[in-house]
Visitor: 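Sharing a structure below in structure tokens format, with a few things to ask.
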Amino acid sequence: MFPRPVQSMSPAARTMYQVALPVMLILWLLPLLGVAATSVRPSSDLAQGNYFGMPSRLAFENYLDVFRNSPMGSYLWNSLRTTIPVMIGAVALSCLTGFALAVYRFRFSMLVFFMFVAGNFVPFQILMVPVRDLTVSLGLYNTITGLALFHIAFQTGFCTLFMRNFIKALPRELIEAARVEGVTEWQIFWHIVLPLVRPAIAALSVLVFTFIWNDYFWAMVLTQGAGTQPVTAGLNSLNGQWIAAWHLVSAGSILAAMPPVLMFFLMQRHFIAGLTLGAVK
Amino acid sequence: MTALPHDPAPPRARRTRKTLTPWLFLAPGMAMFLIYVLIPIVQSVWVSFHDWDGLGQMRWIGLANYSELWWDDAFYTSLKNNVIWLVLYMLAVPAGLMIALFLNQTVRGIRIYKSLFFFPFVISQVVVGLIFSWFYAPGFGLLYAMIEWLTGRGVAILAEEDYVTYGIIAAGLWPQIAYCMILYLTGLNAVAPDQIEAARLDGAKGWRMLWHVVLPQLRPATFIAVVMTVIGALRSFDLVSIMTSGGPFGSSRVLSYYMYEQALSEYGYRMGYGAAIAVVLFGIMMIFISGFIWKMWRDEKGL
């Protein structure tokens with residue numbers, strides 16, 4: 001193990017480590033803690049210049065005010081309506097493509113694979129004008145469907161890379177044996193491979209959820225107004241309206257950050273497995 | 001029922017079906033990817049040779065957009081900022097490694113510490129941007145107050161042309177360091193303990209151990225950390241848009257934001273000019289993407 005375990009160090013060093021951990025953590029999360037504190041600060045505190053002291057009381061009504069005075073509820077709902085279908089769509093498509101690229105040897109398979117990988121890294125701006133144009137001409141501009149369709153297509157790139165590598169690592173004998181038995185290719189996919197890739201499906205679902213929930217650029221390009229905008233874009237427009245209402249902006253930020261954070265804590269193992277794919281050889 | 005060990009179809013049909021099968025599995029995903037990702041890249045290049053407001057007729061103007069870029073000061077400001085982003089963003093890699101080394105212990109509660117340190121990465125960049133704007137806010141922001149207390153004069157980071165880009169990059173580093181940290185923590189888990197022990201017996205420790213024994217084993221993690229950091233730096237858009245909208249006076253623009261501004265904002269709908277900026281950004285990124293693909297290609301062939 002590197003570095004040397006603290007248990008093998010002197011008692012003084014061990015105590016120092018135990019003290020340093022929470023101190024470092026608080027410093028690291030200081031901006032976030034500040035926002036969390038502000039989100040429950042009564043507006044009277046801000047008016048009196050009490051920005052960093054203890055809140056004079058815990059004003060949980062800030063969270064209610066966000067819903068009462070802004071379309072926050074609608075923004076959150078739009079995010080959910082976009083994110084869930086994208087999660088299902090991108091994972092489903094990439095199970096198919098990942099299976100094809102991992103199990104078969106065929107001409108151009110590498111080319112197709114690298115096309116997915118490369119496409120995944122391009123800057124969004126090179127897609128912006130044509131995708132917006134396409135969405136407008138399909139009559140899907142400013143609809144959840146239009147936004148979700150693009151996200152499904154784009155996420156398929158990353159998900160294919162992930163699925164393909166995962167399926168490739170499965171023992172090939174399983175598939176060969178099934179073929180000898182005369183099982184059809186579709187049945188191999190459905191009854192043999194899919195059940196085995198459940199961990200990969202879980203990992204991809206959390207990652208896609210987080211990516212889409214946190215997307216801001218496409219929300220700005222393909223939607224406008226509280227009827228369709230997800231919470232990231234909504235938060236930006238609220239920030240413009242509530243110039244000095246930091247307690248409300250903070251409460252809104254915490255609300256927007258909550259779902260991916262919960263998702264991460266519930267599915268931590270899968271989440272990290274997905275992100276660090278390839279970091280260990 | 002008797003299982004048929006051999007396919008009853010004639011050999012020719014069987015072969016056709018065999019070549020067709022992978023493409024059937026690929027079809028839906030590939031179609032979506034072609035329509036929304038690959039074809040738009042080509043279309044953007046095409047649009048960049050035109051004068052177009054997004055609605056009316058496209059007018060062919062050849063390389064005029066590109067020659068206008070050549071004389072555009074705002075373009076060079078954006079390009080310069082992209083280079084600053086690229087260089088400073090790289091700090092996320094060693095910083096992530098440092099935190100990973102700090103947390104790579106087995107004491108009580110360490111798993112919770114690891115997840116809490118990872119927190120900034122899970123949060124939307126919009127929220128990160130708002131958090132840091134508040135941190136920098138003139139008058140009451142924590143950093144502003146601290147600088148005022150130290151020097152007697154507060155500095156409104158986001159309103160000063162000289163500091164603004166650095167202020168935004170600092171906000172971007174926060175989640176990026178968390179990401180590099182998690183890559184390294186996973187990598188450290190896989191470092192061979194017997195090699196470490198052997199090196200220890202040879203008297204290696206501290207920096208020498210890190211440099212000669214541990215880092216070589218962390219190469220896959222470092223590679224991914226560097227690739228993702230480069231791409232993150234070049235893609236940076238959200239923070240610039242949230243924290244400053246490119247201001248003050250365009251001094252915090254980056255190419256991705258300048259493109260958006262030209263093509264889709266109150267400054268006008270210059271789709272062709274925007275597309276030309278996007279093509280330049282795409283060209284820069286392709287250098288890195290091709291390098292990445294090339295390495296993957298070699299690894300695949302090695303399998």
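Quick note on labels: first sequence line is chain A, next is B, and so on, each numbered from 1.
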Visitor: Please state whether the side chain, the backbone, both or neither of A:Met115 comes within less than 4.5 Å of a heavy atom of chain B.
Guide: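 Both parts, backbone and side chain.
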
Visitor: Using heavy-atom distances under 4.5 Å, tell me whether B:Met286 contacts chain A through its side chain, its backbone, both, or neither.
Guide: neither

Visitor: Heavy-atom pairs under 4.5 Å with chain A - which of B:Gly29, B:Pro22, B:Ala192 has more of them than the others?
Guide: B:Pro22

Visitor: Contact part of B:Arg219 toward chain A, heavy-atom cut-off under 4.5 Å: side chain, backbone, both or neither?
Guide: neither

Visitor: Report which part of B:Leu234 has an atom under 4.5 Å of a heavy atom belonging to chain A: side chain, backbone, both, or neither.
Guide: neither

Visitor: Check each atom of A:Arg132 against the heavy atoms of chain B and say whether the ones under 4.5 Å are side chain, backbone, both or neither.
Guide: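 Side chain only.
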
Visitor: Of the backbone (N, CA, C, O) and the side chain (C-beta and beyond), which part of B:Phe282 lies under 4.5 Å from a heavy atom of chain A, both, or neither?
Guide: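 Both backbone and side chain of B:Phe282 come within 4.5 Å of chain A.
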
Visitor: Quick one: what part of B:Val279 sits under 4.5 Å from any heavy atom of chain A, side chain, backbone, both or neither?
Guide: both

Visitor: Given a strict heavy-atom distance threshold of 4.5 Å, which part of A:Trp213 is in contact with chain B: side chain, backbone, both, or neither?
Guide: neither

Visitor: A:Arg107 side chain to B:Thr19 main-chain N or O, any donor-acceptor pair under 3.5 Å?
Guide: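 No, A:Arg107 side chain to B:Thr19 backbone: no donor-acceptor pair under 3.5 Å.
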
Visitor: Side chain, backbone, both or neither: which part of A:Val183 has a heavy atom under 4.5 Å from chain B?
Guide: neither

Visitor: Given that the side chain runs from C-beta out, which part of B:Val122 has a heavy atom under 4.5 Å from chain A: side chain, backbone, both or neither?
Guide: both

Visitor: As an exercise: rank B:Ile293, B:Ile196, B:Ile231 by heavy-atom pairs under 4.5 Å with chain A and give me the winner.
Guide: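 Most heavy-atom pairs within the cutoff with chain A belong to B:Ile293.
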
Visitor: Evaluate the side chain to side chain donor-acceptor pair (under 3.5 Å) criterion for residues A:Tyr216 and B:Ser124: first the C-alpha distance (whole Å), next the side-chain angles of each, then the deciding distance (0.1 Å), finally the verdict.
Guide: CA-CA 8 Å; A:Tyr216 167 75; B:Ser124 157; over 6 Å; no

Visitor: Using non-hydrogen atoms and a 4.5 Å limit, figure out which bit of A:Glu185 sits close to chain B: side chain, backbone, both or neither.
Guide: both

Visitor: Begin from the C-alpha positions of A:Leu30 and B:Leu142 and carry the test side chain to side chain contact (heavy atoms under 4.5 Å, CB included) through to its verdict.
Guide: CA-CA 10 Å; A:Leu30 195 62; B:Leu142 190 54; 3.9 Å; yes

Visitor: Output, in order, the C-alpha distance, side-chain angles, deciding distance and verdict of side chain to side chain contact (heavy atoms under 4.5 Å, CB included) for B:Met228 and A:Phe121.
Guide: CA-CA 9 Å; B:Met228 295 311 285; A:Phe121 291 124; 3.8 Å; yes

Visitor: Among A:Phe113, A:Phe189, A:Phe217, A:Phe154, which residue forms the greatest number of heavy-atom pairs with chain B at distances under 4.5 Å?
Guide: A:Phe217

Visitor: Angle between ring planes, A:Phe264 versus B:Phe118, binned at 30° and 60°: parallel, tilted or perpendicular?
Guide: tilted

Visitor: For B:Leu188, is it the side chain, the backbone, both or neither that has a heavy atom under 4.5 Å from a heavy atom of chain A?
Guide: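 The side chain, not the backbone.
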
Visitor: Examine whether an atom of A:Met24 lies under 4.5 Å from a heavy atom of chain B, and if so say whether it belongs to the side chain, the backbone or both; otherwise answer neither.
Guide: both

Visitor: Is chain A contacted by the side chain of B:Tyr184, its backbone, both, or neither, given a heavy-atom distance below 4.5 Å?
Guide: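 For B:Tyr184, neither part sits under 4.5 Å from chain A.
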
Visitor: Under the 3.5 angstrom rule, does the side chain of B:Ser44 hit a backbone N or O of A:Ile126 as a donor-acceptor pair?
Guide: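 Checking the backbone N and O of A:Ile126 against the side chain of B:Ser44, a donor-acceptor pair under 3.5 Å is found.
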
Visitor: Tell me the closest heavy-atom pair linking A:Pro130 and B:Gln43, and the distance in Å.
Guide: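 Between these two residues, the closest heavy atoms are CB-OE1, 3.2 Å.
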
Visitor: Checking A:Val35 against chain B: side chain, backbone, both or neither under 4.5 Å from a heavy atom?
Guide: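 For A:Val35, the contact with chain B is made by backbone and side chain together.
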
Visitor: Select one option (side chain, backbone, both, neither) describing which atoms of B:Ala178 are under 4.5 Å from chain A's heavy atoms.
Guide: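 Looking at B:Ala178, backbone and side chain both touch chain A.
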
Visitor: Can you say whether A:Ile254 sits under 4.5 Å from chain B via the side chain, the backbone, both, or neither, judging by heavy atoms?
Guide: neither

Visitor: Of the backbone (N, CA, C, O) and the side chain (C-beta and beyond), which part of B:Trp46 lies under 4.5 Å from a heavy atom of chain A, both, or neither?
Guide: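 No part of B:Trp46 comes within 4.5 Å of chain A.
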
Visitor: Out of A:Leu127, A:Leu101, A:Thr156, return the one with the most heavy atom pairs under 4.5 angstrom to chain B.
Guide: A:Leu127

Visitor: State whether the side chain of A:Tyr17 and the backbone N or O of B:Phe102 hold a donor-acceptor pair below 3.5 Å, judged by distance alone.
Guide: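 Present.
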
Visitor: What distance do B:Trp134 atom CH2 and A:Trp246 atom CH2 have between them, rounded to the nearest 0.5 Å?
Guide: 8.5 Å

Visitor: Given a strict heavy-atom distance threshold of 4.5 Å, which part of B:Met285 is in contact with chain A: side chain, backbone, both, or neither?
Guide: side chain

Visitor: Hey, what do you get for CD1 (B:Ile182) to CD1 (A:Ile272), rounding to the nearest 0.5 Å?
Guide: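 B:Ile182 CD1 to A:Ile272 CD1: 4.0 Å, rounded to 0.5 Å.
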
Visitor: Is the side chain of B:Gln105 donor-acceptor paired with the backbone N or O of A:Val6 at a distance under 3.5 Å, no angle test?
Guide: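 Indeed, once roles are kept as given, a pair shorter than 3.5 Å links the two residues.
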
Visitor: Heavy atoms only, distances under 4.5 angstrom: which of B:Pro40, B:Ala27, B:Ser241 has the most pairs with chain A? Name it, please.
Guide: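 Highest number of heavy-atom pairs under 4.5 Å: B:Pro40.
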
Visitor: Given heavy-atom pairs under 4.5 angstrom as the criterion, report whether the side chain, backbone, both or neither of A:Thr232 touches chain B.
Guide: both

Visitor: Please look at A:Phe271 and chain B and tell me whether the side chain, the backbone, both or neither of the residue comes under 4.5 angstrom of a heavy atom of that chain.
Guide: side chain

Visitor: Can you say whether A:Thr160 sits under 4.5 Å from chain B via the side chain, the backbone, both, or neither, judging by heavy atoms?
Guide: neither

Visitor: Could you check whether any side-chain N or O of B:Asn104 sits under 3.5 Å from a backbone N or O of A:Phe2, counting only pairs where one atom can act as donor and the other as acceptor?
Guide: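 Indeed, once roles are kept as given, a pair shorter than 3.5 Å links the two residues.
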
Visitor: So, does A:Gln7 use its side chain to make a donor-acceptor pair with the main chain of B:Thr106 at under 3.5 Å?
Guide: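 Confirmed, A:Gln7 side chain pairs with B:Thr106 backbone.
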
Visitor: If I measure from the heavy atoms of chain B, does A:Pro259 come under 4.5 Å with its side chain, its backbone, both, or neither?
Guide: neither

Visitor: Of all of B:Ala145, B:Pro120, B:Ser48, which one pairs up most often with chain A through heavy atoms under 4.5 Å apart?
Guide: B:Pro120

Visitor: Verify salt bridge (Lys or Arg N to Asp or Glu O under 4.0 Å) between A:Arg164 and B:Glu300, making sure each step is shown before the conclusion.
Guide: CA-CA 12 Å; A:Arg164 181 262 188 194; B:Glu300 285 291 331; 2.9 Å; yes

Visitor: Non-hydrogen atoms of chain A under 4.5 Å away: do they reach the side chain of B:Phe288, the backbone, both or neither?
Guide: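 Nothing of B:Phe288, per the 4.5 Å heavy-atom cut-off to chain A.
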
Visitor: If I measure from the heavy atoms of chain A, does B:Phe117 come under 4.5 Å with its side chain, its backbone, both, or neither?
Guide: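 Interface part for B:Phe117: both.
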
Visitor: Answer with side chain, backbone, both or neither: which region of A:Asp215 has an atom nearer than 4.5 Å to a non-hydrogen atom of chain B?
Guide: neither

Visitor: Rounded to the nearest 0.5 Å, what's the gap from CG on B:Leu130 to CG on A:Leu235? Could you check?
Guide: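 If we round to the nearest 0.5 Å, B:Leu130:CG and A:Leu235:CG are 5.0 Å apart.
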
Visitor: Does the plane of the ring in A:Phe106 sit parallel, tilted or perpendicular to the ring in B:Trp23? Use 30° and 60° as the thresholds.
Guide: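 Ring orientation of A:Phe106 relative to B:Trp23: perpendicular.
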
Visitor: Side chain from CB out, backbone as N, CA, C, O: work out which of these in B:Ile99 comes under 4.5 Å of a heavy atom of chain A, or both, or neither.
Guide: side chain

Visitor: If we ignore hydrogens and angles and just use 3.5 Å, is the side chain of B:Trp174 paired with the main-chain N or O of A:Trp28 as donor and acceptor?
Guide: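 At least one qualifying donor-acceptor pair exists.
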
Visitor: Go through the steps for A:Phe116 and B:Phe33 under the test ring-ring contact (aromatic ring centres under 6.0 Å, His included), then give the verdict.
Guide: CA-CA 8 Å; A:Phe116 278 116; B:Phe33 206 70; 4.9 Å; yes

Visitor: Between A:Leu25 and chain B, with a heavy-atom cut-off of 4.5 Å, which part of the residue counts as in contact: side chain, backbone, both or neither?
Guide: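 Both backbone and side chain.
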
Visitor: Who among B:Met271, B:Arg200, B:Arg108, B:Arg111 has the most heavy-atom pairs with chain A under 4.5 Å?
Guide: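 Top count of heavy-atom pairs under 4.5 Å with chain A: B:Arg200.
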
Visitor: Suppose we call two aromatic rings close when their centres sit under 6.0 Å apart. Are B:Phe237 and A:Phe124 close by that rule?
Guide: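 No, too far apart.
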
Visitor: Looking at B:Lys205, B:Met30, B:Met209, B:Gln125, which makes the most heavy-atom pairs under 4.5 Å with chain A?
Guide: B:Met30

Visitor: Any idea how A:Phe150 and B:Tyr36 line up, ring-wise: parallel (<30°), tilted (30 to 60°), or perpendicular (>60°)?
Guide: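 Aromatic pair A:Phe150/B:Tyr36 classed perpendicular.
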
